[in-house]
Amino acid sequence: MIANRTTDVVVIGAGPAGAIAACLLRQQGHQVVVLEKSTFPRFVIGESLLPQCLQTLKAAGCLEAVNAAGFQRKVGANFQHRGHYEQINFADKFAAGPSHAFHVLRSEFDDILAQCAVQAGATVEFNATVTAAKNQFNDCLVAYTDADGNSGEVRAKFILDASGYGRVLPRLLDIDQPSSLEPKASFFTHVDDGILPEDHQRDATLITTHPKHRNVWYWLISFASGRSSVGVVGPPELIEPYQGEGMAGLKKIIHEDPELAHILRHAEFDSQAHQINAYSGNVTQFCGDGYAVLGNAGEFLDPIFSSGVTVAMKSAHLATTVLDKQLNNEPHDWEQGFVEPLKMGIETFKTFVTHWYSGGFQDVIYSPASNQNVKAKIASILAGYAWDTDNPYVLNPEDRLQTLIEICQQ
Ligand code: FAD
C-alpha cells in the first residue's frame, strides 16, 4: 500500500492535455497530482503540431522549453495526388497568431511538458495506473496501482481525465460513446529517411492521397535529425491486410504511391511498424460533478489535419480556466466556458475531416479554383485556428465548406 494523499486536483495521464492542465493549475496556485501509467520518455504517435497550439504552450509557460528543444520547424502542409502538388503556407492564414509550429518526437515533447509541470510544482507520478474513481466535487477519490502492484489513493476536489486512449473516466462512468466517424486503421513507422532536399520540403507535413483510393492517405513528417515519421490511414478493409505482413506490408503500401516511393527511395526502414485501429472516440458528456475529460479521453477525430495535440492542449486550457473559478468559489459555467467552445473547435475539424474522406475537401485542396481570400481562411483552419469566430469556416463550417466544394467541383 502506498501512502494516501490529498490534493486540489488529480490529473489522470501526463500526455499533452494532462501536462498542460497541471502547468496551468499550478500557475493559478492549486495543488496538483498527475498519475501517469507509463514511464517517460515513451513512444507515442502524433508528431505534427499546429501553430495555434503555440498559444496554449505559451499560456502554460512551456513555449520556451519547446523552442529550446531544436525540433524541426513546420511552416505549412503540402498535399499531393497523382501529379497535383498543393502547398498551404501558414503565413498566408487569415487568423492572427503564430504561423509556424514544429514536427516533434513525442517521446521528447511529452517529457518536456511533464518536466515543465514538475518545475511548476506539480507532483507527477509515473508507473501509476488509475483503476477506479469516485467523482463528487470536493470529495473525489482516485485509486491506482504502481508497477509492483501496490495500490494507492489520491483524494481531491476535482478529477481531470487526460488519459488519452485509456479513456479512464469515460469507461468507469459509462459516458464512452462511439465516434460518428467511420472506423479507420493506421499503420506507421519511423525511418532513416535519406530524403534529398529537392524532393521534399522538410518544414511542411506532406499528405499524399493514395493514387487509387481517395479515402486512403499517407503522412510524411520529417524531423530535424534526418529521420521521418511515415504512415498510412484508411478504411480497415484496405489497411488491415498490409498490417498482417508487418514492415514488409507497410513498405508495400507506401510503394503503391510512386511519388511518395520516390521521395523515400533511399530510406532505411530500420525500426518497428506500429498500428492503431478504430482510434476515433467520443463521450456523452465532457464534464459532470467533480470531473472533466480532456483531449483524446473526450473526443478524438482523425489524424488527417494533425489536430489531436492542439485540441488536447486547448481542452486543458478551457477546462482549467473554469475550474480555477470553481475552486475559488467564484461564479463559473462549465457549459459556456468549456463544453461549448471545445465542441466548436471539434465541430470545425470534424466538418473538414468528413469532407476529406468523402472527397469534397480534396477537390478544394487540389483545385486551382480557390481564390486567395478563401485559401487564407482554409490555411487558418489547417493552422489550427478552429476557435476564431471571425472565420466563417469556423462559425458555419458545414454550409461554407459545402458551397466551396460545389464551386471547386464545377
Ligand atoms: P495522450 O497523448 O494519449 O496521453 C494520455 C496519457 O495517459 C498517456 O501517457 C497514457 O499512458 C496515460 N494513461 C492512459 N491510461 C491511464 C491510466 N489508467 N492511468 C494513468 N495514466 C493513463 N495529433 C497531432 O496533433 N498531430 C499528428 O500528427 C497526429 N498524428 C496521429 C496519427 C495517428 C495514427 C493517430 C491515431 C493519432 C494522431 N494524432 C496526432 C493524435 C494525437 O496522438 C492525440 O490526439 C494526442 O496524443 C492526445 O493527447 P492526450 O494528452 O489527450 O492523450
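Remember, it's 1-based here, ligands and their atoms both numbered in the order they're listed.
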Just by distance, with hydrogens left out, do [X] and [Y] show a side-chain donor and acceptor under 3.5 Å apart?
| X | Y | value |
| --- | --- | --- |
| T205 | S48 | yes |
| T209 | Q362 | yes |
| N391 | Y385 | no |

Nearest neighbour in protein (non-hydrogen) for [atom]:
| atom | value |
| --- | --- |
| atom 5 (C) of ligand 1 | A162 O, 3.3 Å |
| atom 6 (C) of ligand 1 | E36 OE1, 3.6 Å |
| atom 19 (N) of ligand 1 | V130 N, 2.9 Å |
| atom 53 (O) of ligand 1 | G164 CA, 3.5 Å |
| atom 39 (N) of ligand 1 | G46 CA, 3.7 Å |
| atom 21 (N) of ligand 1 | K37 N, 3.1 Å |
| atom 34 (C) of ligand 1 | S186 OG, 3.4 Å |
| atom 31 (C) of ligand 1 | P303 CB, 3.4 Å |

Aromatic ring pairing W217/W219, orientation class (parallel under 30°, perpendicular over 60°, tilted between): tilted
Aromatic plane relationship, F338 with F286 - under 30° parallel, 30 to 60° tilted, over 60° perpendicular: perpendicular
Side-chain ion pair, E86 and K375, N-O less than 4.0 Å: yes
D199 with R265: basic N within carboxylate O range, under 4.0 Å: yes
Taking 4.0 Å as the limit for heavy-atom contacts, which would you say applies to [X] with ligand 1: side chain only, backbone only, both, or neither?
| X | answer |
| --- | --- |
| F300 | side chain |
| E47 | backbone |
| A312 | side chain |

Close N or O approach ([X], ligand 1; < 3.5 Å):
| X | answer |
| --- | --- |
| I45 | yes |
| W219 | no |
| A17 | yes |
| S306 | yes |
| V233 | no |
| N296 | yes |
| S307 | no |

side-chain hydrogen bond (donor to acceptor under 3.5 Å, both in side chains) evaluation trace for E259 with H81: CA-CA 8 Å; E259 284 148 347; H81 183 216; over 6 Å; no
